[in-house]
**Student:** 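Pasting a structure below so you can have a look.
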Amino acid sequence: MFRKIAHRLLWAIPTLWAIGSISFFIIRLAPGGPFERERALDPLVIASLEREYGIAPAPPMPPGAGLGARAANQTKHLARQYLRYMGGLCRGDMGPSLYYPGLKVSEILLNSLRTSFVLGAAALSIAFLFGIVAGTLAAWKRDTALDHGARAFAVAGISLPNFVIGEMFLLVFGLWLKVLPAGGWGRPACLILPALTLALPLSAYIARIYRASLIEVLGQDYIRTARAMGTGWFRVLFGMAVRNAILPVISFMGPAAAAVVTGSVVVERLFAIPGMGTHFVNGALNRDYTLVLGAVMVYGALLILCNILVDVAYTLIDPRIRL
Amino acid sequence: MYRFYIGLVLLPLAICALSFSLASRDTDSDFSFRNGPEPQTCDPGIATDMAGHRIARALFEGLTVFNPRTLEPEPGIAERWEVSEDGRQYTFFLRRSLWSDGRSCTAHDFRYGWLRVLSPETGSEYINLLYYIRNAKAYAKNECRAEDVGLKVIDDHTFRVELEKPVPFFLSLAAFATYFPEPSWAIEKHGRNWVRPENIVCNGPYVLKKWALNDHLLFEKNPLYWDAANVSLKKILALSVESSNTGLNLYETGQCDLLLDLPPELIHVLRDRRDYTSIPSLSCTYYRFNVTKPPLNDARVRLALSLAIDRKSIAQRVLMAGEVPARSFVPPGMPGYASAPCFEEDVERARALLAEAGFPGGNGFPKLTLVYNTSMTHKAVAEAVQQMWKERLNVSIGLENVEWKTLLHRMTKLEYEICRAAWIGDYVDPTTFLEIMRTGDGNNRTGWSNAEYDALLDVIAMEANPERRNEIMHQAEQLLIARESPIAPIYFGVNQLMHRGKVNGLWPNALGLISFKHLSPAGPDARAD
């Protein structure tokens, strides 16, 4: 198994390289640059900053130069910057933020990732417990009011956007009842509303997936045989089916965990949480090239890691599966 | 079987409990306010956003400080000063004061800080605010040595500044963050990281204790500040909250004591509340015309479009926060200058001008596009203007909403026809507005160039008599707004304030400044005064 994991980790390197390279060139296509501001910067200052951060435009060509030569000059120049950035990445250096002078991308991301991780872990745990319980009840009491209720909850959770859910939570628990803080970060109580907001749609997905999977498992021959041999419902359900039906949920949890742990810009804005989701959006809006690239790389790396963890979890749950 | 279930339930619960326990911080404070989005930096030499300047003002002090009520410059680190008769030489006499690490704050620190701003490597957006100093621009271009710049340290506590030309508002410039002193030893040791809480050395009423990115900054009273006896609040929390809606939620639930801007879509409800105050700010929102594109290359067309905007109805029906209709470029409330309307809106005249320019009744007028950056307010104003031009001039305009950096890029490259813009005064003098329309200024962004206007600006720069100077400034403004019209002013903005009455000494002013040292705890009934 360890060989397989090592193999997967090795494959992660070219994957990350591809993610980084594509993003590097795409972000440069966006109009405007990091030093284009409302108050126009002195050209002297722009030139100096672009030199410092290694994102200077290509040196001017003589006026007579043809289109081909210009394009070649441009490409060569960008390629040099690309190699420098990738070289830095290989050494674990994501470079300085172009928007926040003096801050390194790695420390910005590390700090915000810690916040997002705490929030994401709480949301995932809540979603998992809610989803499994709701899914089990729905599958067990199939086509009863309980099942319809659980399915209605799932449809609502999936279709309601989280800014609506979040605003409703805020209005009821924050502003009307005043039992929970209406945002901010730093006290455990601050975690409850955003974690629930993030968890609700996730738990709805989990409930749906789990219900379907459990119904399928309950229809299998070995369950019927066990019932025919007189095994009670309780033992059949909890001793056999629940465990065997959980695999699809686990494979859903992998990418979901990567997404939740890297933050949600909507929830972060709504509840004033210093998480990582904000950096994806603000980094792009501010043309903070290094920050956006860093955020994308971290997300990519987490996604790969979570998928590996999912495979490991498979082998723990179902001994028949080998990596 | 049970191991599986125990794992299934306990593992999520354990993760949940662990994450709850990790999410704790200690941020009790005497006073907290929403500082807006995360400041880029609190390095006074490079800070440019409002949020960064507010922080820099709490941590540092310049030669002069603004009186928060009148905005007049008052003695700060300089106890007094002398101005030479030709107005080109200022000698500042510094009081004995200390940096937060116990070193004495001297004229050398001012000279160091100013020269640092003038080095392009520093990356200061406000470098040109120092170009008033003799040879400053040449130094920035690396054409002269530091010794040639008009900054002379006579002794540790006497600092002489020589200017290129008389600058009547130099004392208020000296109160601006870009003119603050900087500790060379800390900057040389830590580079750009010198403003972090663990490295920072400051000379203002507060010191930086904590900086959590995208969350908050915590200040504590600086015991070594020269006027520490008059600083009342011990701890201040500046919340970096991006959304004004979230800010309002925090305020309503008591997690924040002061808001400095409010959600525009709620303003019609909030403006009637007792804890709300608004005051005109030194800002103007206007539309730029790209004068390089026909038919906007014709001043008559531009003026016609400008004359046909009903600014009063925009201010009262669309904006509703007390904004003032703008018929000039320089906002009211600029101390020492009476801003007067350059024209009265006149639809008949607008139609006549349009006909004169070859578009009688709007016939044959090409379809132009008005570009604005994403915002509910900008959209609402643009729609109102679009409708006014259609109804009043029979001119159809398309609207285009683009993201901020894209708009900036297109403005700079003149790839637009009409676009939304706004300008906030940097210092307390009308030239902070008038100068941006000079030929070739980086903020002109209309392609407009007028020798007469530039000549008037040159005269203003040399004129020492305030009355005569004001008169020429009015002339220049008249030319800009009512004759040439490369821009159409729409409205003057407001500084909003929502305050729970936790502190006294919060005076709303046109610059939106908070003088942290003047804040003191208030009784239970106090409100924004």
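Values reported hereafter were calculated over all heavy atoms of this structure, with side chains retained and with hydrogens, waters and symmetry mates removed. Lettering follows sequence order; numbering is per chain, from 1.
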**Student:** Apply ring pair (Phe, Tyr, Trp, His ring centres under 6.0 Å) to residues B/His216 and B/Phe33 and explain how you reach the verdict.
**Tutor:** CA-CA 10 Å; B/His216 68 275; B/Phe33 67 101; over 10 Å; no

**Student:** To the nearest 0.5 Å, what is the distance between CG on B/Asp215 and CG on A/Asn111?
**Tutor:** 10.5 Å

**Student:** Need one label for A/Arg51: side chain, backbone, both or neither, based on atoms under 4.5 Å from any heavy atom in chain B.
**Tutor:** neither

**Student:** Given a strict heavy-atom distance threshold of 4.5 Å, which part of B/Pro37 is in contact with chain A: side chain, backbone, both, or neither?
**Tutor:** neither

**Student:** Between A/Ile246 and chain B, which part of the residue has a heavy atom less than 4.5 Å away: side chain, backbone, both or neither?
**Tutor:** side chain

**Student:** Please give me the minimum heavy-atom distance between B/Leu259 and B/Gly247, naming the atom from each residue.
**Tutor:** CD2-O, 3.5 Å

**Student:** Find the one option among A/Leu170, A/Leu171, A/Val242 whose heavy-atom pairs under 4.5 Å with chain B are most numerous.
**Tutor:** A/Val242

**Student:** So what's closer than 4.5 Å to chain A heavy atoms on B/Asp426: side chain, backbone, both or neither?
**Tutor:** side chain

**Student:** What part of A/Phe117 is in contact with chain B, defined as an atom under 4.5 angstrom from a non-hydrogen atom: side chain, backbone, both or neither?
**Tutor:** neither

**Student:** Select, from A/Ile46, A/Leu129, A/Leu124, the one with the greatest count of heavy-atom pairs under 4.5 Å involving chain B.
**Tutor:** A/Leu129

**Student:** Could you look at A/Pro34 and say if it's the side chain, the backbone, both or neither that has a heavy atom under 4.5 Å from chain B?
**Tutor:** backbone

**Student:** Determine the option with the most heavy-atom pairs under 4.5 angstrom with chain B, choosing from A/Phe271, A/Tyr99, A/Phe35, A/Tyr100.
**Tutor:** A/Tyr99

**Student:** Specify which of B/Gly123, B/Ser119, B/Gly442 makes the most heavy-atom pairs with chain A at under 4.5 Å.
**Tutor:** B/Gly123

**Student:** Using non-hydrogen atoms only, which part of B/Gln255 is less than 4.5 Å away from chain A: side chain, backbone, both, or neither?
**Tutor:** side chain

**Student:** How long is the span from the CE atom in B/Met437 to the CH2 atom in B/Trp448, to the nearest 0.5 Å?
**Tutor:** 6.0 Å

**Student:** Might you work through the side-chain hydrogen bond (donor to acceptor under 3.5 Å, both in side chains) test for B/Trp194 and B/Asp43, ending with a clear yes or no?
**Tutor:** CA-CA 8 Å; B/Trp194 76 277; B/Asp43 181 335; 3.0 Å; yes

**Student:** Can you check whether B/Asn245 reaches B/Glu265 side chain to side chain, under 4.5 Å on heavy atoms?
**Tutor:** yes

**Student:** Considering only heavy atoms and a distance below 4.5 Å, find which of B/Glu403, B/His190, B/Met411, B/Lys413 pairs most often with chain A.
**Tutor:** B/Glu403

**Student:** Of the listed residues (B/Glu38, B/Arg410, B/Lys141, B/Glu242), which shares the most heavy-atom pairs with chain A below a 4.5 Å separation?
**Tutor:** B/Glu242

**Student:** Could you tell me whether B/Arg500 sits above the aromatic face of B/Tyr251, with NZ or CZ closer than 6.0 angstrom to the six-membered ring centre and within 45 degrees of the axis?
**Tutor:** yes

**Student:** Using heavy-atom distances under 4.5 Å, tell me whether A/Glu268 contacts chain B through its side chain, its backbone, both, or neither.
**Tutor:** neither

**Student:** Give the member of A/Ala272, A/Ala47, A/Pro101, A/Ser97 that has the highest number of heavy-atom pairs under 4.5 Å with chain B.
**Tutor:** A/Pro101

**Student:** Answer with side chain, backbone, both or neither: which region of B/Glu121 has an atom nearer than 4.5 Å to a non-hydrogen atom of chain A?
**Tutor:** both

**Student:** Check for me whether the distance between the ring centres of B/His409 and B/Tyr416 falls short of 6.0 Å.
**Tutor:** no

**Student:** Pick one of side chain, backbone, both or neither for B/Asn443, based on which atoms fall under 4.5 Å of a heavy atom in chain A.
**Tutor:** both

**Student:** Identify the two heavy atoms, one from A/Val267 and one from A/Pro194, that lie closest to each other, and give their separation to 0.1 Å.
**Tutor:** CG1-CB, 3.8 Å

**Student:** A side-chain contact here means heavy atoms from C-beta on lying under 4.5 Å apart; do A/Ser213 and A/Pro248 qualify?
**Tutor:** yes

**Student:** For B/Leu408, is it the side chain, the backbone, both or neither that has a heavy atom under 4.5 Å from a heavy atom of chain A?
**Tutor:** both

**Student:** Select one option (side chain, backbone, both, neither) describing which atoms of B/Ser240 are under 4.5 Å from chain A's heavy atoms.
**Tutor:** neither

**Student:** In plain terms, say whether A/Arg287 and A/Glu36 are close enough for a salt bridge, that is, a side-chain N and a carboxylate O under 4.0 Å apart.
**Tutor:** no

**Student:** Can you confirm if the aromatic rings of B/Tyr126 and B/Phe176 lie within a centre distance of less than 6.0 Å?
**Tutor:** yes

**Student:** Please flag which part of B/Leu213 lies under 4.5 Å from any non-hydrogen atom of chain A: side chain, backbone, both or neither.
**Tutor:** both

